Amino acid sequence: MDENTRNAEAILETILKAGKGRLKIYLGWAPGVGKTHRALLDLRAIKERGVDAVLGWIENKSRPGISGLIRDLERIPALRIDRNGLIVEEMDTDAILSRKPATVFVDELAHSNAPGLRHARRIQDVCEILDAGISVIATLNSLHIAELSPVISGILGVPVSETVPADVLRESDEVVLVDISPSALQNRIREGSVLPPSQARHALKTTYREANLIKLREITLNFMARLLDRVLIEQGEGHGVGERILVVTSDRTESIRQLIGYGGQLARRLGGELFVVHLRKIPFFGRPHPMEHAAKTLMARLSEDEGGTLTILYSRRIGFALWRHIQKIKATQVILGHFNPEYPWRRSLVRSLLRHFSIIDVEIRLLATGEKIHGPALPHPSLPFESPRTKAHFKIFLGASAGIGKTYAMLKEAQELKAAGRRDVVIGYLESHRRPETIALSEGLESVPRKRIRHKGFFLEELDVDAVIRRKPGLALVDELAHTNPPGSTHEKRYEDILDLLEAGIDVTSTLNVQHLESLNDLISFKTGIRVQETVPDSVVLGANEIVLVDLTPEALRERLREGKIYPQDTVPRALENFFTTENLTALRELAMKRIAESTEGRFSRARRGGVVLVAVSDRPEDATLIRRGGRLSERLGMLLQVLTIRPRGKPGNTGNIAQHEKLACSLGGDFRIDEGADWVESLIRRALEIHPDQLILGQSAWKPGFESTAERIAKKLTGINILIVPLDIRRRGFVKQFLAERF
């Protein structure tokens with residue numbers, strides 16, 4: 001065991017023992033994103049509520065805004081250490097323990113102390129402070145997380161010696177991710193707010209070049225999303241939000257390589273976890289056939305190389321054993337090979353698993369292992385994709401929920417731009433919800449008068465697009481991107497109004513909650529039990545030049561709700577029990593982080609799309625789920641989306657649902673096609689063989705005894721095409737969870 005491992009284990013053991021004080025960490029994905037600023041704002045806020053809060057340690061920074069935030073805060077004097085004539089300052093832990101405040105601020109959690117102090121690491125000082133009953137607000141960069149530092153230091157070309165275990169964040173009471181866009185961070189560097197001006201130019205060409213910052217941000221967002229996913233699982237929320245991919249392998253060497261390699265690629269591209277299982281049948285008489293040593297060694301090595309874990313299961317009932325394993329690891333996708341000419345379909349594992357859809361809520365991905373598999377990973381171009389749709393700059397503040405601070409962040413940035421004299425800013429539309437902080441922050445900003453529209457005997461005030469265009473400001477603030485305009489408006493949705501402003505050359509900043517994204521509508525409904533009616537096409541959001549996360553922990557958001565800062569007090573109890581549960585807010589927060597990470601990488605893959613995701617739909621309304629799933633997958637894998645429906649000859653079908661499917665497919669950037677045929681299944685098979693997509697998405701309802709499902713009929717005929725089978729009505733059946741709860 002090396003020294004770093006021993007130190008990490010010692011630190012973790014100390015953290016687990018500490019527990020009287022609360023630890024809140026502000027995590028930044030790079031120096032200069034503003035984590036110290038956010039943490040100090042938090043410290044000041046709790047001090048204003050009467051909490052005894054002090055500064056235990058703050059790095060010497062000459063960044064704008066920091067000196068003003070600490071001016072009237074009590075500061076524990078630093079400990080001065082003489083090291084061969086050089087005076088070094090360190091945090092005085094004993095002085096903090098002696099002062100015993102309620103809360104203390106500690107900057108740079110991963111710092112290594114000077115030799116001679118009681119503890120070698122600052123995190124150990126913090127653990128001692130926590131154990132004394134003192135709460136700590138701390139800061140940390142993702143570069144200094146031991147789990148991430150090797151990858152990040154390799155990207156940046158910067159050696160890292162100071163790290164803390166990732167479990168420090170997992171065991172913390174709250175972790176808040178502080179985010180800005182990579183381009184905004186580069187601007188801060190150019191202005192000298194992060195590095196000395198003499199170093200800024202070189203840093204922007206090397207360590208802090210845009211490609212590095214984009215990757216660093218994506219890694220941090222995905223790490224935080226995985227952390228939240230574990231929280232959801234621990235809270236008993238099934239498999240959380242993140243993808244947990246299970247690869248089922250056979251004895252065939254080539255199949256093993258293809259399946260595990262594909263599963264590893266998919267897990268990386270979707271930011272998920274990889275599991276590998278090999279099933280061995282136990283005969284009713286005698287022992288199971290011994291597994292070849294070479295195959296077992298290959299599975300273990302490939303699983304380890306792809307970052308997965310290997311499990312070998314022995315059972316007389318292979319299908320049942322696999323089903324139990326799926327439930328145990330909470331898999332979201334199961335990958336199997338479905339090309340084996342030597343094994344009859346009626347005895348295949350694929351058929352057995354498809355018939356368990358009545359009790360399995362999991363997607364099944366069938367790979368054509370009889371021929372070369374086209375992996376989901378695509379080469380990234382050297383430059384990020386820029387949307388050609390608009391002439392101006394479009395920025396979105398994205399949050400997990402109402403009340404999280406998106407509008408406040410938008411107004412705060414606008415006030416800073418105005419104060420610096422850099423922008424001509426106006427408010428096009430502001431939804432203050434009568435919140436005093438929001439109203440106060442809007443003061444001093446010019447507002448363009450709203451347009452009054454009569455609707456059902458009332459006058460509604462809406463964004464006046466023409467008036468904003470006539471005023472022609474440099475930047476217009478337009479709140480609530482997903483808002484639906486009343487009848488009589490020029491456009492049905494506010495995002496269409498914003499596109500008009502952008503086309504007129506006016507920069508726009510707006511706000512959006514993650515639940516309003518069209519492609520996530522089904523997933524959020526499934527997770528929260530609430531179907532969001534106002535949605536925004538993903539193409540609009542993906543066309544934004546900047547998407548910035550506004551993060552807040554569920555605990556803090558629920559406290560804001562209790563204080564009446566989000567909704568009127570008479571609606572608070574119901575909101576806390578329904579939408580604003582800790583589980584719902586955690587899931588939405590994870591989705592917001594994953595969406596920004598995906599949109600960041602999506603800028604690369606969309607610039608060079610290759611391959612096709614083909615979604616087969618009927619005229620059922622629930623097939624919209626398949627289109628949304630196809631939209632998310634095509635964007636994440638950098639492929640083109642095509643939606644196909646077969647209309648039986650002489651039967652018009654439900655034209656209303658078909659029209660809605662076409663509208664949805666187009667809003668997700670896909671193509672929609674209607675073919676005619678006497679038999680839906682045979683026509684789809686013929687068309688799929690002509691297109692030969694990289695992914696075919698089908699829907700699967702609960703299996704009925706004695707009948708082949710549509711997905712089963714198609715799968716056994718298209719063994720040369722990769723197929724993703726998505727459960728549909730099973731997700732609405734309450735007996736599934738009850739069945740599993742009673743038996744497991």
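Every heavy atom of this structure was used, including side-chain atoms; hydrogens, water molecules and symmetry mates were not. Keep in mind the model is a prediction, meaning the values are calculated, not measured.
- When the side-chain hydrogen bond (donor to acceptor under 3.5 Å, both in side chains) test is applied to Q415, no partner is found at least two apart in sequence or on another chain.
- Of the possible polar contacts, none joining the S193 side chain to the I189 backbone as a donor-acceptor pair under 3.5 Å is found.
- Heavy atoms of other residues, nucleotides or ligands lying less than 6.0 angstrom from CZ of R170 number more than 12.
- Side-chain N or O atoms of N521 include one that pairs as donor or acceptor with a backbone N or O of V532 at under 3.5 Å.
- Judged by distance alone, the side chain of R188 and the main-chain N or O of G32 form a donor-acceptor pair under 3.5 Å.
- Side-chain N or O atoms of H516 include none that pairs as donor or acceptor with a backbone N or O of T535 at under 3.5 Å.
- Side chain of T581 to main chain of N584: a donor-acceptor pair is present (N/O by atom type, distance under 3.5 Å, no hydrogens or angles).
- Side-chain polar atoms of H393 and E546 form a donor-acceptor pair below 3.5 angstrom.
- Paired with T553 under the rule side chain to side chain contact (heavy atoms under 4.5 Å, CB included), one option of V175, L585, V176 passes, and it is V176.
- Between the side chains of K35 and N141, at least one donor-acceptor pair of N or O atoms lies under 3.5 Å.
- Side-chain polar atoms of S142 and T220 form a donor-acceptor pair below 3.5 angstrom.
- At most 12 heavy atoms of other shown residues, nucleotides or ligands fall within 6.0 angstrom of atom CD in E304.
- With hydrogens and angles left out, the side-chain atoms of S667 and E518 include no donor and acceptor closer than 3.5 Å.
- A salt bridge links E416 with K412; the closest basic N to acidic carboxylate O contact falls under 4.0 Å.
- Between the side chain of D479 and the main chain of E431, a donor-acceptor pair closer than 3.5 Å is present.
- The shortest side-chain heavy-atom distance between D694 and M639 falls under the 4.5 Å cut-off.
- For CZ of R201, the number of neighbouring non-hydrogen atoms (other residues, nucleotides, ligands) closer than 6.0 Å is 12 at most.
- Looking at E162, its side chain does come within 3.5 Å of a backbone N or O of S112 through a donor-acceptor pair.
- Using a distance-only test at 3.5 Å, with no hydrogens or angles considered, a donor-acceptor pair links the side chain of D173 to the main chain of L23.
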Exercise for review: Begin from the C-alpha positions of R244 and Q333 and carry the test side-chain hydrogen bond (donor to acceptor under 3.5 Å, both in side chains) through to its verdict.
Suggested key: CA-CA 6 Å; R244 297 171 67 84; Q333 289 193 43; over 6 Å; no
